[in-house]
Asker: 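Right, I'll just put the structure down here and ask away after.
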Amino acid sequence: MGEFTLSGNAYFDGISQPVLLVKDKKIKYCNPAAQAHFRACAVPLTEGASAPDGLPEGDGVLAELTMGGERWTVRSRGLGDDGTLCLFQRAEDGKFSTQRVRELAMQLRRLLGPLNASIETLQDTLVETEQHRNEKWISYLNHSQHKLLRLVDDLDFYSQSDDDLAILYPSAPLELAGFCRELEHLLDYLLRQIGCRFVYREEVASATVWVNEYLLRRLLYNLTANALGQKGELVLTLRVAGDRAVLTLADSAGGISPEKLERVFAPEEDRFLADGSPEGFGLGLPICRRIAHFFGGTLLLAPAGAGMAVTLSLPLCSPSQRDLLRDESIFDPTQNYNQVLTELSGVLPARCYGQETVF
C-alpha cells in the first residue's frame with residue numbers, strides 16, 4: 001500500500017463525527033470535526049502530535065473514551081503500514097440505541113397488517129353508486145399506509161449494521177445516464193401533482209457505478225422529498241470528474257440556515273424520541289449519507305442560488321465490474337412505482353394514492 005494521506009480529503013473532511021489517522025502513536029490526519037471537538041476540550045490536535053491515550057489499535061477494535069464530559073465509542077480500521085483509522089461516535093445512552101430503534105420498528109410494522117386488511121375490506125365493499133366517495137377514503141388510507149411504511153423502513157435501515165446491508169442489498173453495475181432518464185420521467189409526472197418540476201441534465205452520455213439500485217433510488221427519493229418547496233423546479237445533473245460520477249440535485253426552495261446546515265445530517269434525537277411527531281424521525285438525510293458512504297461515495301450539501309444543492313459522488317466501475325452489466329431489456333420501471341410513492345409520501349397529496357395508482 002502506498003503512502004496514505006487524508007488531508008483535504010472531502011470524504012472524511014465532510015463527516016460530522018471526529019476521525020483520526022494514527023501511526024506509531026502520532027497523528028497523521030485529523031478531520032475538522034476532530035479538531036473542533038478536541039479544541040473545545042482544550043486539547044488542540046495537529047498532524048505529527050502525540051495521539052490521545054486510550055485509542056484502539058488494529059482492525060475492528062472497539063473502545064470507549066470520555067472526553068469533555070461525553071462518552072465516545074471509538075472503532076478502529078487497520079490500514080496496514082499507513083496506520084489505524086479511528087472513527088468516533090457518541091456512545092449510546094440506552095434511549096437512542098439501535099436495539100431500541102429495532103424494537104420500535106417491529107412495533108410499527110405490526111400496525112401495517114391491520115391497516116392493509118382494512119384497505120382490502122373497504123375495496124371489497126365498493127358499490128357503483130358510492131364508487132367516487134369510497135375511492136377517496138381508500139386514497140387516504142393508502143396514503144397513511146405508505147407514510148407508516150416509510151417510517152418503519154427508515155427505522156429498520158437505521159438499526160442495521162454495514163454487514164447486514166451488504167447481505168440485504170448486494171451491489172451490481174448500474175448505468176447512471178439511463179437510470180436518471182427513467183427517474184426524470186417518473187418523478188416529473190408525480191411532482192407536477194404539487195406544482196413542481198423535475199428536470200434531468202447530463203454532461204456525459206454514460207457513467208457506470210457499482211451500487212444497489214434500490215438503495216440508490218431510496219437516497220435520491222429522500223433527497224427529492226427534502227428539497228421540495230410549495231412550487232419550483234428540481235434539477236438533477238450528471239457529470240464525471242476523474243474516476244467518479246457526480247450527481248447534483250439543486251432546488252429553489254429557499255435554502256437552509258447556517259445553524260441548521262451544520263447538523264442536517266445528524267439524527268434528530270429529540271424528534272426521534274417524541275411521541276406522535278407528524279414530521280417523522282429526522283432520519284432521512286442521515287440515511288442518505290450512510291447509503292452514499294456504503295457505496296464508497298460522498299454526500300455534500302451547500303447553498304446554491306435561491307436554494308440548496310446536494311452533491312453525490314460515486315466511484316466509477318472498474319473495467320472488470322462493467323463486464324457484469326445487467327441485461328437492460330429485463331428492466332421494468334413500473335416495479336419501482338410503490339417505492340417512490342412510499343419515499344415521497346410526506347410530500348405527495350392523497351389523490352396520488354388511489355386504488356389504480358397503488359395497485
Side-chain angles (χ1 to χ4, degrees), residues 98 101-102 105 108-109 112 143 145-176 178-191 198 200 209-228 234 236 238 245 247-249 251 264-265 267-268 272 279-301 310-315 326 331-348 352-353 358:
T98 55
V101 174
R102 189 175 295 111
L108 289 174
R109 195 172 291 281
L112 285 168
H143 195 195
Q145 182 189 40
H146 280 265
K147 283 184 174 182
L148 180 56
L149 181 60
R150 181 170 185 255
L151 293 179
V152 173
D153 286 346
D154 282 351
L155 291 170
D156 274 341
F157 189 88
Y158 181 84
S159 67
Q160 290 163 357
S161 68
D162 285 350
D163 290 339
D164 294 333
L165 297 183
I167 295 171
L168 294 170
Y169 306 105
S171 293
L174 178 67
E175 201 288 296
L176 274 182
F179 168 82
C180 290
R181 293 184 202 118
E182 182 267 318
L183 200 71
E184 178 189 32
H185 178 75
L186 178 61
L187 288 178
D188 191 48
Y189 168 75
L190 287 172
L191 298 189
F198 188 94
Y200 168 60
V209 292
W210 184 262
V211 296
N212 177 275
E213 183 176 339
Y214 171 84
L215 288 187
L216 182 60
R217 285 181 180 276
R218 186 170 185 175
L219 187 159
L220 291 172
Y221 292 155
N222 260 287
L223 293 181
T224 298
N226 277 280
L228 289 175
L234 299 183
L236 180 67
L238 171 64
L247 285 169
T248 301
L249 182 66
D251 66 64
V264 71
F265 284 109
E268 299 179 26
F272 178 85
E279 302 298 328
F281 296 121
L283 295 176
L285 287 175
I287 284 175
C288 288
R289 172 164 278 185
R290 186 181 180 194
I291 293 173
H293 292 175
F294 181 66
F295 294 148
T298 62
L299 193 66
L300 302 175
L301 182 64
V310 186
T311 299
L312 170 65
S313 170
L314 296 170
R326 67 182 179 180
F331 178 61
D332 177 11
T334 61
Q335 68 185 343
N336 298 293
Y337 209 78
N338 275 9
Q339 184 188 0
V340 69
L341 289 176
T342 298
E343 298 298 339
L344 297 185
S345 58
V347 294
L348 292 178
C352 293
Y353 294 81
V358 175

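We're numbering straight along the sequence, starting at 1. Just so you know, these numbers come straight off a predicted model, no measurement behind them.
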Asker: Let me see the working for Leu238 and Phe179 under side chain to side chain contact (heavy atoms under 4.5 Å, CB included), right down to the final yes or no.
Answerer: CA-CA 11 Å; Leu238 171 64; Phe179 168 82; over 6 Å; no
Asker: Kindly determine whether Leu168 and Gln160 satisfy side chain to side chain contact (heavy atoms under 4.5 Å, CB included), including the steps that lead there.
Answerer: CA-CA 10 Å; Leu168 294 170; Gln160 290 163 357; 3.5 Å; yes
Asker: Once salt bridge (charged side-chain N to carboxylate O under 4.0 Å, His left out) is applied, do any residues pair with Asp163, and if so which ones, sequence neighbours excluded?
Answerer: none
Asker: Of all the heavy-atom pairs spanning Gly296 and Pro315, show the shortest one and how long it is.
Answerer: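 Answer, listing the atom of Gly296 first, then Pro315: O-CD, 3.5 Å.
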Asker: Taking Phe157's backbone N and O only, do any of them form a donor-acceptor pair with Arg290's side chain (distance below 3.5 Å, no angle check)?
Answerer: yes
Asker: So, taking the atom named CD1 in Ile291 and the one named CG in Asn222, what distance separates them when rounded to the nearest 0.5 Å?
Answerer: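 If I round to the nearest 0.5 Å, the distance is 7.0 Å.
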Asker: Working to the nearest 0.5 Å, report the span between CG of Leu149 and OG of Ser345.
Answerer: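 Those atoms lie 8.0 Å apart.
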Asker: Is any side-chain heavy atom of Pro173 closer than 4.5 Å to one of Trp210?
Answerer: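 In short, these two side chains touch, coming nearer than 4.5 Å.
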Asker: Verify side chain to side chain contact (heavy atoms under 4.5 Å, CB included) between Leu247 and Cys180, making sure each step is shown before the conclusion.
Answerer: CA-CA 10 Å; Leu247 285 169; Cys180 290; 3.7 Å; yes
Asker: Would you indicate whether the side-chain heavy atoms of Asn212 and Pro170 approach each other to under 4.5 Å?
Answerer: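 In contact.
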Asker: Taking the side chain as everything from C-beta on, heavy atoms only, tell me whether Leu186 gets closer than 4.5 Å to Tyr221.
Answerer: yes
Asker: Quick check for you: to the nearest 0.5 Å, what is the distance between Ser313 atom OG and Phe295 atom CZ?
Answerer: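 Between atom OG of Ser313 and atom CZ of Phe295 there are 13.0 Å.
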Asker: How would you list, by chain and number, every residue that makes a side chain to side chain donor-acceptor pair (under 3.5 Å) with Ser171, sequence neighbours excluded?
Answerer: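 Partners of Ser171 by the side chain to side chain donor-acceptor pair (under 3.5 Å) criterion come out as none, since no residue qualifies.
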Asker: So, applying side-chain contact (heavy atoms from CB on, under 4.5 Å) with Leu314, which one of Val211, Leu299, Leu174 is it?
Answerer: Val211
Asker: Under 4.0 Å between a side-chain nitrogen and a carboxylate oxygen: does that hold for Glu213 and Arg218?
Answerer: no
Asker: Short question: side chain of Asp164, backbone of Ser161 - any donor-acceptor pair under 3.5 Å?
Answerer: yes
Asker: What do the steps show when you test Leu223 against Leu285 for side chain to side chain contact (heavy atoms under 4.5 Å, CB included), and what is the final call?
Answerer: CA-CA 7 Å; Leu223 293 181; Leu285 287 175; 3.7 Å; yes
Asker: Which distance, rounded to the nearest 0.5 Å, do you find between the CG of Leu234 and the CD of Glu184?
Answerer: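 Going from the CG atom of Leu234 to the CD atom of Glu184 covers 11.5 Å.
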Asker: Where the side chain of Tyr353 meets the backbone of Leu341, is there a donor-acceptor pair that is under 3.5 Å apart?
Answerer: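 Yes, because the side chain of Tyr353 sits within donor-acceptor range (under 3.5 Å) of the backbone of Leu341.
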Asker: Kindly compute the distance separating CG (Leu312) from CG (Leu301), expressed to the nearest 0.5 Å.
Answerer: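 Answer for the CG-CG pair, Leu312 versus Leu301, is 12.5 Å.
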Asker: Using 0.5 Å steps for rounding, measure from the CG atom of Leu215 to the CG atom of Leu220.
Answerer: 11.0 Å
Asker: So does Gly346 get a backbone contact from the side chain of His146, meaning a donor-acceptor N/O pair under 3.5 Å?
Answerer: no
Asker: With a 4.5 Å cut-off on side-chain heavy atoms, are Leu187 and Thr224 touching?
Answerer: yes
Asker: Please check: side-chain N/O of His293 versus main-chain N/O of Thr298, any donor-acceptor pairing under 3.5 Å?
Answerer: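 Pair absent, no side-chain N/O of His293 close to backbone of Thr298.
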Asker: I'd like to check Phe198 versus Leu236 (side-chain heavy atoms, cut-off strictly below 4.5 Å). Are they in contact?
Answerer: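 Phe198 reaches Leu236 side chain to side chain.
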Asker: Within the side chain of Gln339, is there an N or O that forms a donor-acceptor pair under 3.5 Å with the backbone of Tyr214?
Answerer: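 Such a contact is found between Gln339 side chain and Tyr214 backbone.
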Asker: If you draw the axis of the six-membered ring of Tyr200, does the NZ or CZ of Arg181 fall within 45° of it and under 6.0 Å from the ring centre?
Answerer: no
Asker: With the side chain counted from C-beta on, respond yes when Arg289 and Leu219 share a heavy-atom pair under 4.5 Å apart, and no when they do not.
Answerer: no
